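Both counts, for ligands and for their atoms, begin at 1 and track the order of listing. From a predicted model like this one, the values you see are computed outputs, not experimental measurements.
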Amino acid sequence: MATLAEETIPPDEAALIARLVVQNLALLNEKERPVRRGQHAKHHGCVLADFEVEPDLPAELRHGLFATPKTYKALIRFSNGEARDDRKGDAHGMALKLFDVPGDKLLEPCDTHDFILLDQPLFFIRNVADYVGLFDALLNAKASVIPKLLFFVPRFAAELGLVYLSFLSNRPTELAILKRTVSSKPETPLATTYHSTTPYRLGPHAVRWSALPNAARLPKFTAVSSPDKLRHALAMQLGAGEATFDFMAQLQTDAATMPIEDPTQPWDVAKSPPRKLATIRLPVQRPDTRELMDFCEQLAFNPWRCLAEHRPLGGINRARRQVYAAVSRRRHELNGVAEREPTLAEFLALHA
Ligand code: HEM
């Protein structure tokens, strides 16, 4: 039986991660320029924020970034999981990059620190072996002649049907989370709760991160029907006033019912309510100029770009270290752009 914050690594995981890297590289559309991310390709803005660590945190929460009250300048990239048209249901991302964070990072020497969040509390895949299985089903469906024969069914729907038959039909938990994930249709990126779904360290604890919007205090706006409606909403709201999120940590308090290795399992909030660690403050700004949109296009996030006190935990996170690094390296190479971390000075210059 695992203890709190303890990982359990399957013996064949390294080989499975190597396959997952190859599968993710195959998702890049290498014909388009610039080559975009294989997942979460479309963003809605490149937002400037302050990440204000709470004063007076109790000793048990004071670890890593949260050891002392301090404000970090940050960048936020809000994205769609897959959709190019914001009116369609989809997963939505909130990726944060904190600047000028002292200390060694697990991925590489750098001054930045990343958090990657999604607008769902649970991830729809349990472990690396299952993710490899899902990708096999997806890539086989794309290569299959059956969708071509089913000429009366749209190709995408026929491919999904094959993936369903070969992988998802006997996995009801995953299917239910996937359905919820691809049905989310927010009116604005600023009124949604975002979650890490997978666990991370907070010193000796294991936690799941989340960002909770203070939606009642958001500037009002009139939604438009457009493929870029989330970009319009973000720009309208941040043009009119500030927005804030509470950055929270839910501590793992029971190793059996709050597993480290399975992000499809909810961690009961009644057993362990999320605790506030910081305020994320988005001041009035214009977040979607051409220069800023291009700047965010070139960036790369990685859950392992973090302090050891916030080490990612669990198989899905162990896989992401190599997958994100390989995919980002490949798209930067193809785009002829140097892969490097941004500085606060160059980001602020674009916001001036
Ligand atoms: C093994 C599981 C996963 C794989 C293989 C995977 C794969 C990827 C890839 C290839 C990218 C694009 C990276 C780049 O080109 O820079 C990406 C981005 C992203 N992923 Fe994942 N992912 C996984 C799990 C997750 C989980 C659990 C979350 C939950 C928070 C998540 C949220 C995101 C977000 C928000 C982005 C966009 C980051 C940005 O703004 O650049 N992913 N993922």
Side-chain angles (χ1 to χ4, degrees), residues 13 16-30 34-47 74-82 90-97 107 112 114-136 138-139 174 177-178 181 184 189 192-200 208-211 260-265 293 295-305 312-335 337 339-342:
E13 194 176 85
L16 288 168
I17 292 176
R19 274 180 69 191
L20 195 59
V21 168
V22 174
Q23 290 169 326
N24 273 267
L25 286 170
L27 287 186
L28 287 178
N29 178 355
E30 300 199 351
V35 177
R36 321 235 352 239
R37 289 163 175 79
Q39 299 183 37
H40 293 267
K42 178 177 180 180
H43 54 274
H44 313 303
C46 196
V47 177
L75 173 158
I76 305 175
R77 179 177 182 269
F78 289 105
S79 61
N80 287 351
E82 170 75 31
D90 198 7
H92 300 89
M94 178 186 192
L96 292 117
K97 195 176 279 300
L107 185 69
T112 46
D114 295 350
F115 290 107
I116 307 180
L117 311 173
L118 209 58
D119 64 342
Q120 292 295 325
L122 303 174
F123 194 60
F124 69 102
I125 295 289
R126 266 173 221 280
N127 53 40
V128 185
D130 275 10
Y131 214 165
V132 169
L134 175 68
F135 268 109
D136 275 343
L138 196 68
L139 296 173
E174 286 87 332
I177 299 171
L178 182 61
T181 305
S184 160
T192 304
T193 302
Y194 296 88
H195 309 260
S196 64
T197 72
T198 50
Y200 292 80
R208 286 180 177 174
W209 310 119
S210 56
I260 293 292
E261 297 292 339
D262 185 354
T264 67
Q265 297 303 311
M293 295 302 271
F295 190 75
C296 257
E297 183 67 41
Q298 310 299 354
L299 298 181
F301 294 82
N302 190 311
W304 289 80
R305 192 173 285 112
L313 297 172
I316 292 290
N317 272 341
R318 290 191 295 275
R320 291 166 83 194
R321 180 177 189 145
Q322 288 173 45
V323 171
Y324 285 47
V327 170
S328 164
R329 190 179 319 122
R330 180 85 184 131
R331 79 178 157 87
H332 282 83
E333 270 167 18
L334 288 167
N335 290 333
V337 176
E339 195 189 15
R340 64 172 183 85
E341 280 303 279

Min over Tyr131, Phe123, Phe135 of heavy-atom distance to atom 1 (C) of ligand 1 lands on Tyr131

Of Lys97, Met94, His40, Arg331, the one whose closest heavy atom lies nearest atom 33 (C) of ligand 1 is His40

Between CD on residue Gln265 and CD1 on residue Ile177, distance to nearest 0.5 Å: 7.5 Å

Do Thr198 and Asn317 get their side chains close enough for a donor-acceptor pair, meaning under 3.5 Å? yes

Which protein heavy atom lies closest to atom 28 (C) of ligand 1, and at what distance to 0.1 Å? Arg320 NH2, 3.3 Å

Do Asn127 and Glu13 have side-chain N/O donor and acceptor atoms under 3.5 Å apart? no

Could you list which atoms of ligand 1 come closer than 4.0 Å to a heavy atom of Ser196? 29 (C), 30 (C)

Do you see a donor-acceptor pair shorter than 3.5 Å between the side chains of Gln120 and Ser184? no

With a heavy-atom distance limit of 4.0 Å, tell me whether Leu118 approaches ligand 1 through its side chain, its backbone, both, or neither. both

Once you restrict to heavy atoms under 4.0 Å, what part of Ile125 touches ligand 1? Side chain, backbone, both or neither. neither

At under 4.0 Å between heavy atoms, what of Ile116 touches ligand 1? The answer is both

For Ala211 and Met94 the tightest heavy-atom approach is CB-SD, 4.0 Å

Under 2.8 Å from atom 21 (Fe) of ligand 1, is there an N/O/S atom belonging to Tyr324? yes

